[in-house]
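Shown next, in structure tokens, is the structure this report addresses.
Counting convention: from 1, in listed order, for ligands and their atoms alike.
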Amino acid sequence: MTRSVIVGTAGHIDHGKSALVRALTGTDPDRLKEEQARGITIDLGFAHQTIGGINFAFVDVPGHERFVKNMLAGVGGIDLVVLVVAADESVMPQTREHFDICRLLHVRAGLIALTKSDLADADMLELARLEVRELVAGSFLDGAPIVPVSVRTGDGLDAFRATLADIGRAAAARAADGAARLPIDRVFSMKGFGTVVTGTLVSGRIAVDDELAIEPGGRRAKVRGVQVHGEKRREAIAGERSAVNLAGAEVDEISRGEAIVTPGAFEPTRLADATLDLLPHAKPLKHGSRVRFHQGTAEILGRVALVGPHGGGVAASAGNGSSSRVEAPIVQPGARAFVRLRLEAPAVLARGDRYILRAYSPPTTIAGGLILDPKPPRTAIRTAAAIERLSRLDFDPVSADRAAADARAIAAMLEEAGVAGIPIASITSRAGVAPPSAAPRVDALVAAGEAIRAGDTIVASGVFVRLKEAIVAALGDHHRAEPMSEGVPREALREQLFAHGAPAVFDLALAELAASRTVAARDRVALATHRLALTPEEERARAAIERAYRDSGLKPPDAGAIAATAGIPPAVADRILKLLQRQKVLVKVDGLLFHEEALSRLKADVSALKSAAARIDVATFKERFGVTRKFAIPLLEYLDRERVTRRMGETRVVL
Ligand SMILES: Nc1nc2c(ncn2[C@@H]2O[C@H](COP(=O)(O)OP(=O)(O)OP(=O)(O)O)[C@@H](O)[C@H]2O)c(=O)[nH]1
Ligand SMILES: [Mg+2]
């Protein structure tokens, strides 16, 4: 299959971006009436062409400073950039701004088109070349080809195509094994098809019949059709400009900025921890500044909370204690910092995403950065501990061993999640791990003894060990305080130690403690070594009461009478009666207590009547078991509940 490469244009207004795309593809990317009338690009334009055996998809962006937000919606998914500089005007403000944006987004490759070469003489061309070299020095475009072209004369176009194909060939492929993710840049309705969304598939695959989610919001939609470069396809893969026909979603329910994704792989979030690079010519950035956050095709208002400086460790004013406050920070132009982004609407984010910030007003590009944790816990941020935490989550997306960095991040996230643990599903978005790698990653953590898996949740091993210790300690305390209790009800123990934890984790801890014979876990949980400690008086009372109930069978005396006859103080009798019920020696039936043996025997006797196809009514029951109506009615109803009999009118059948 032919490689697909997505090329974005960038550059100042009127420098010939759209004209170049048209010359290369034969398609005018300025499709809006207003664009054609005004001769400028307002919104994104799209065109495609096979050049040198590569399918190039062009995303043409507007240069006008008022439409930078549209440029940002287009540049997110590109593989390489054509920085367009008109030879007769050279480097201008949006040349710089667009270039800054490409750098902040870590666009990896590109080339420079010195357009309108027919309007410049040799000196002007040389000057423009020099200025461009100076602009890109030290960046990803340092040393990139600078190709003079004229769409008027056609000069340089062949050389440009050849250079573009070379660079396209070298562009890295995108992750097709990741979760499907397509930030939407256009939504429209097509006659006979219904809703169509377009965008760059930045990861994963989208195939016909896939069930996808539209995030934020989580609405589901089914893929009815897929087109890439105007051709019908069974599936689109990462790195392709795709048009997706959706069933079950109306055009007015979807907008640019949303994304279609694998359901469950991305949790929309209003909070994200990130690195931030402030541009050298931006103003110092204050804590709490209101900004425009751009990621994918979305623009969301928000504020930047400054956590602290990047790299240089903890600020000198931070002190030593991990809870000490860091001095109210400010980011200086050109510096990098750790920040927490607080968004006013949810975003679809994953660890490793690049983002751009523009000032609230005037809306100029000021910064960009890397998402480290798209779902951080709501902890204090201006502390040395917060800086330390972000240092652990930090990674260099270009040179770092991503798997090792993500493993470190998962370990840090696990630790801070404590007893709540993290759902295995969320390591896709929070740790940026592709879904097929999530299970092996979890297996590796478990094998390395760093985590415990319980159901769909993983918790840090340390947390799990401490939980088991806490269970043992709590049971010890309980037994000392209440030697007559056989233990703590399971739910009460969970509430006491683990109210915020995942139930499966608690169950696993108990199961392991039971397997190692440390505890006995039934309805109540006790240490395995626990024996009921009854005083001699209590032991005598227990024996007397139990005997009284056993001997009286289905006609037990009143509890008070038993105590009085045996000379047991009421308080002691009360404790013992409760104990015998917890131990299920005595069973309560409609307020009456019976010995368990008597009830078992009754059930067996009644069941035995089945062979005789007998029916029982109250009179026969009274007669057969020698009991009065006072006992007969509750006992018969008890037998119904136990499914030994079933009532039919005035009689009962034995089941
Ligand atoms: N002489 C000459 N004119 C050119 C050349 N390329 C573009 N132009 C003209 O420059 C003007 C602007 O070109 P566009 O391609 O619309 O510029 P743009 O960069 O897309 O502008 P925006 O999208 O609004 O930022 C048009 O009138 C083009 O005809 C060229 O190589 N030579
Ligand atoms: Mg244009």
So, regarding [X] and ligand 1 (criterion: nitrogen or oxygen to nitrogen or oxygen, under 3.5 Å), is there a contact or not?
X	value
D30	no
K17	yes
G63	yes
S117	no
P62	no

Who passes side chain to side chain donor-acceptor pair (under 3.5 Å) against T163, sequence neighbours left out? none
Looking at every non-hydrogen atom in both residues, tell me the closest pair between [X] and [Y] and how far apart they are.
X	Y	answer
R358	E97	CD-OE2, 4.4 Å
A47	V21	CB-CG1, 3.9 Å
D353	A350	OD2-N, 2.8 Å

Identity and distance of the protein heavy atom lying nearest [atom]:
atom	answer
atom 31 (O) of ligand 1	V151 N, 2.9 Å
atom 3 (N) of ligand 1	R152 NH2, 3.5 Å
atom 24 (O) of ligand 1	T41 N, 3.0 Å
atom 32 (N) of ligand 1	D118 OD1, 2.8 Å
atom 11 (C) of ligand 1	D14 OD1, 3.6 Å
atom 17 (O) of ligand 1	G16 N, 3.1 Å
atom 7 (C) of ligand 1	A19 CB, 3.5 Å
atom 16 (O) of ligand 1	G39 O, 4.0 Å

Are F160 and L20 close enough that some pair of their side-chain heavy atoms sits under 4.5 Å apart?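 In contact.
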Can a donor-acceptor pair be found between the side chains of D14 and H64 at a distance below 3.5 Å? no
What protein N, O or S atoms come within a distance below 2.8 Å of the Mg ion (ligand 2), ordered by chain and number?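 Protein N, O or S atoms closer than 2.8 Å to the Mg ion (ligand 2): S18 OG, T41 OG1.
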Charged N-O contact under 4.0 Å between [X] and [Y]:
X	Y	result
D277	R336	yes
E240	R233	yes
D60	K17	no

Classify the ring geometry between H310 and F338 as parallel (under 30°), tilted (30 to 60°) or perpendicular (over 60°).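 Answer is tilted, since the angle falls between 30° and 60°.
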Scan V187, D185, V244 and name whichever one has a side chain to side chain contact (heavy atoms under 4.5 Å, CB included) with T198. D185
Going by the order shown, which atoms of ligand 1 are within less than 4.0 Å of some heavy atom of L119? 1 (N)
Would you confirm whether any non-hydrogen atom of the protein falls under 4.0 Å from atom 27 (O) of ligand 1? no
Qualifying salt bridge (Lys or Arg N to Asp or Glu O under 4.0 Å) pairs with a residue from residues 121-131, counting only residues at least two apart or across chains: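 Counting only pairs at least two positions apart or across chains, the salt bridge (Lys or Arg N to Asp or Glu O under 4.0 Å) contacts touching residues 121-131 are E126-R129.
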Set of residues satisfying ring-ring contact (aromatic ring centres under 6.0 Å, His included) with respect to Y355, sequence neighbours excluded: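 If we apply the ring-ring contact (aromatic ring centres under 6.0 Å, His included) test to Y355, skipping adjacent residues, the hits are F293.
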Below a 4.0 angstrom heavy-atom separation, can you tell me which part of D60, side chain or backbone, both or neither, approaches ligand 1?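 The answer is neither; D60 stays 4.0 Å or more away.
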With a distance cut-off below 6.0 Å to the six-membered ring centre and an angular limit of 45° from the axis, does R224 pair with F193 as a cation-pi contact? no
